[in-house]
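Below: one structure, written as structure tokens.
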Amino acid sequence: MALNQIDEGGVVILAVDGNLDGEGTQALEEKVLGLLENGTTKLLFDFSGLDYINSSGLRVLVLAYQRLKKNSGLVAICGVKDYIQEVFEVSGYDKIFPLYPNRGDALSGM
């Protein structure tokens, strides 16, 4: 898994490539917790390069959502592939997270 951080207009974008499981999930969780501790209030997960996400990866998203919601923050997700979108829909996560087709739409929507 590769993780790139981009700061754009007050939004921290975390672009995740590859598979989000095992070690990758732990790295993402540490990154997210560090950002939240440093005062990040808008977090966008760019999953256009994501090929797989397991339940521990989904848990990191919920953790970010719960912590940011307390502080009137925002979490959004963009670039989700069709088969990963199905995971979000089956789990009901599409009701929790705003899902955008691409980064530009997500930044506009946030």
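Predicted model only: the values in this text are computed from it and were never measured. All values below were derived from every heavy atom in this structure, side-chain atoms included, with hydrogens, water molecules and symmetry-related copies excluded. Note that the numbering runs from 1 along the sequence shown for the chain.
In terms of heavy atoms, Gly22 sits closest to Ser56 at N-OG, 4.4 Å. When all heavy atoms of Lys81 and Gly49 are compared, the closest pair comes out as NZ-C, 4.0 Å. A pairwise comparison of heavy atoms in Ile77 and Leu44 identifies N-CD1, 3.9 Å as the closest pair.
For CD of Glu89, the number of neighbouring non-hydrogen atoms (other residues, nucleotides, ligands) closer than 6.0 Å is greater than 12. For Gln5, the CD atom is densely surrounded, since the number of other residues' heavy atoms within 6.0 Å is greater than 12.
A single hydrophobic cluster is seen to contain both Val62 and Phe47, as judged by linkage of ILVMFWY side chains at heavy-atom distances under 4.5 Å, directly or through other members. By the criterion of side-chain heavy atoms lying less than 4.5 angstrom apart, applied directly or through intervening Ile, Leu, Val, Met, Phe, Trp or Tyr residues, Tyr83 is not grouped with Val90; the two fall into different hydrophobic clusters. Val75 and Ile6 fall into different hydrophobic clusters, defined by Ile, Leu, Val, Met, Phe, Trp and Tyr side-chain heavy atoms under 4.5 Å apart, directly or through other members. Connection of Ile53 to Ile13 is not established within any shared hydrophobic cluster, with ILVMFWY side chains joined at heavy-atom distances below 4.5 Å, either directly or through further cluster members. No chain of hydrophobic side-chain contacts below 4.5 Å, direct or via other Ile, Leu, Val, Met, Phe, Trp or Tyr residues, connects Leu36 to Leu74.
Between the CZ atom of Arg67 and the CG atom of Leu33 there is a distance of 5.0 Å, given to the nearest 0.5 Å. Here the CG-CG distance, from Leu63 to Leu58, works out to 12.5 Å after rounding to the nearest 0.5 Å. Residue Thr40 holds its OG1 atom at 9.0 Å from NZ of Lys31, rounded to the nearest 0.5 Å. Annotation: the span from Ile96 atom CD1 to Phe88 atom CZ amounts to 9.5 Å, rounded to 0.5 Å. Note that CD of Gln26 is 12.0 Å distant from CG of Leu20, once rounded to the nearest 0.5 Å. Rounding to the nearest 0.5 Å gives a distance of 6.5 Å between CG of Leu28 and CG of Leu14.
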* Please test Leu43 against Leu35 for side chain to side chain contact (heavy atoms under 4.5 Å, CB included), starting from the C-alpha separation and ending with a verdict. => CA-CA 9 Å; Leu43 197 52; Leu35 288 167; 4.0 Å; yes
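No donor-acceptor pair under 3.5 Å is formed between the side chain of Lys42 and the backbone N or O of Val12. Between the Asn38 side chain and the Gly34 main chain, a donor and an acceptor come within less than 3.5 Å of each other. Between the side chain of Thr41 and the backbone N or O of Gly73, no donor-acceptor pair lies under 3.5 Å. Of the possible polar contacts, one joining the Asp46 side chain to the Ser48 backbone as a donor-acceptor pair under 3.5 Å is found.
Ring-plane geometry between Tyr65 and Phe97 is classed as perpendicular, the angle between the planes exceeding 60 degrees on a 0 to 90 degree scale with a lower cut at 30.
Taking a cutoff of 4.0 Å between a charged side-chain nitrogen and a carboxylate oxygen, Arg59 and Glu29 qualify as a salt bridge.
Side-chain atoms of Met1 and Val16, non-hydrogen and from C-beta on, do get closer than 4.5 Å to each other.
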